[in-house]
Amino acid sequence: MADRANIVTLPTLPATDRKDAWWAGPVVTFVVLSGFVVYATLRALMNEHYQLGELLSPLYSPNIAEWTPLPGWLSPALLILWAPAGFRLTCYYYRKAYYRSFVGHPRACGVSERPHRGYRGETAFPLILQNLHRYLLYFALLVLVFLWHDVWKALWPEGRFGITLGTLVLALNAGLLTLYTFSCHSLRHLVGGKIDCFSCSAMNRTRHTAWKGLTKLNEQHMFWAWTSLFAVMAADAYVWMVASGTIPNLRIV
Ligand code: FES
C-alpha cells in the first residue's frame with residue numbers, strides 16, 4: 001500500500017471555459033513591470049551619471065543634492081522616488097495589472113480563483129494603504145512641475161537657447177507623465193466629483209467642462225500608464241549615456 005506521505009499533488013490548472021490565451025497579458029505585465037522595478041532600483045542606487053549640465057534624469061528630479069549637502073553614499077533619487085513610485089503602485093490600473101500578474105488574485109475574468117479565507121480586499125491592512133493614492137496624487141502633480149522645469153532648463157544648453165535630443169527626450173517624458181497623471185481616476189473625481197448639479201453655477205459648469213476633458217484622457221489611462229513608464233526609462237537611459245560620455249547630446253537647433 002502506498003505511503004500517503006510520498007504522494008505528490010500536482011498543481012491543477014485554473015478552471016475556465018475561455019479558449020484564448022488569457023494568461024499572456026499577466027505574464028507580459030509581470031516581465032515588463034519586474035524589469036522596470038529592477039532597472040529603476042539599480043539606477044537609483046547607482047548614484048552617478050544622472051546629470052550633465054542642463055540634463056537631469058527624471059529618476060533624480062528634483063535633485064535634492066543641489067539644495068542640501070547629502071552624504072556621498074546617499075543617492076538623492078532614494079529621497080524622492082517614493083512619491084512617483086507610490087503613485088504608480090497605488091494606481092487603480094496598475095493594481096488590476098499586478099494583482100493578476102504577480103499574485104494571480106484574481107487570475108483573469110472568467111477564470112477560477114484560488115481558495116482564500118478571510119479576504120477583505122482593500123478594507124484591511126495591508127491593501128487599505130492603496131487608499132493613499134488620492135494623497136500621492138498631489139505629490140505626483142508637484143513632481144510634474146519639476147519635470148517641466150527640467151525641460152525648460154534643457155532648452156538652454158551651454159547657456160543659450162537651443163534644442164538637443166536630450167531636450168526632446170525630457171519633453172516627451174514630461175508630456176507622457178502629464179497625460180498619465182491627468183488621466184488619473186482620483187484627479188477626475190477631485191475635479192468633477194461630489195457635485196449634485198453641474199449647471200447650477202459658473203464654477204460647477206467650469207468643473208463639468210474640465211471633468212469631461214479628464215474623462216476623455218481617463219478612457220486611455222492604461223495607454224498613458226505604459227507609455228509614460230517606458231518614457232521614464234528611456235529618458236533616464238539617455239541621460240545616463242550622455243552623462244557617462246558614451247554618446248554626445250545631439251544638438252538639433
Ligand atoms: Fe492610475 Fe490615479 S488611477 S494614476
Side-chain angles (χ1 to χ4, degrees), residues 25-26 28-37 39-41 44 57-62 77 80-106 108-109 120-151 170-195 207-236:
V28 172
T29 302
F30 178 83
V31 171
V32 175
L33 274 186
S34 301
F36 180 78
V37 169
Y39 174 87
T41 305
S57 159
L59 293 180
Y60 284 78
S61 182
I80 51 110
L81 274 184
W82 59 269
F87 185 59
R88 274 191 197 263
L89 189 70
T90 57
C91 163
Y92 289 82
Y93 164 67
Y94 279 114
R95 287 184 215 178
K96 172 195 156 193
Y98 67 76
Y99 285 172
R100 293 179 180 201
S101 57
F102 281 76
V103 290
H105 184 41
C109 293
R120 293 175 55 197
E122 292 170 357
T123 63
F125 186 82
L127 294 184
I128 197 169
L129 295 177
Q130 301 282 29
N131 293 297
L132 289 174
H133 187 68
R134 69 198 71 168
Y135 305 108
L136 288 164
L137 167 66
Y138 299 111
F139 290 100
L141 290 168
L142 187 61
V143 168
L144 283 183
V145 174
F146 286 106
L147 291 177
W148 281 111
H149 184 243
D150 293 341
V151 175
L170 292 192
L172 180 68
N173 173 58
L176 288 170
L177 280 173
T178 301
L179 290 166
Y180 170 58
T181 307
F182 277 70
S183 63
C184 170
H185 297 265
S186 292
L187 181 63
R188 181 171 169 267
H189 177 72
L190 192 68
V191 169
K194 292 191 176 173
I195 300 178
R207 287 181 65 180
H208 185 220
T209 304
W211 176 80
K212 282 196 294 186
L214 294 182
T215 299
K216 282 261 172 286
L217 283 180
N218 178 258
E219 287 165 4
Q220 306 300 327
H221 190 55
M222 181 178 82
F223 178 76
W224 304 126
W226 284 113
T227 50
S228 62
L229 192 78
F230 287 120
V232 170
M233 204 152 42
D236 173 75

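Whatever order the structure lists ligands and atoms in, that order sets their numbers, starting from 1.
- Taking a cut-off of under 4.0 Å to the non-hydrogen atoms of His221, the atoms of ligand 1 that pass are 1 (Fe), 3 (S), 4 (S).
- In this model, no donor atom of one side chain and acceptor atom of the other lie less than 3.5 Å apart for Tyr93 and Trp224.
- Contact between Phe87 and ligand 1 is present, with at least one heavy atom of the residue lying under 4.0 Å from the ligand.
- Because its NZ or CZ atom is both nearer than 6.0 Å to the ring centre of Tyr180 and within 45° of the ring axis, Arg88 counts as a cation-pi partner of that residue.
- The ligand atoms of ligand 1 that sit less than 4.0 angstrom from a heavy atom of Cys91 are 1 (Fe), 3 (S), 4 (S).
- Between Cys184 and Arg134, every side-chain heavy-atom pair lies at or beyond the 4.5 Å cut-off.
- Shown in contact with His133 at under 4.0 Å from a heavy atom are these atoms of ligand 1, numbered in order with element: 2 (Fe), 3 (S), 4 (S).
- Ring-plane geometry between Tyr98 and Phe102 is classed as perpendicular, the angle between the planes exceeding 60 degrees on a 0 to 90 degree scale with a lower cut at 30.
- Using a 4.5 Å heavy-atom cutoff, the side chains of Arg207 and Ile195 are in contact.
- At a cut-off of 2.8 Å, Cys184 is counted among the residues with an N, O or S atom near atom 2 (Fe) of ligand 1.
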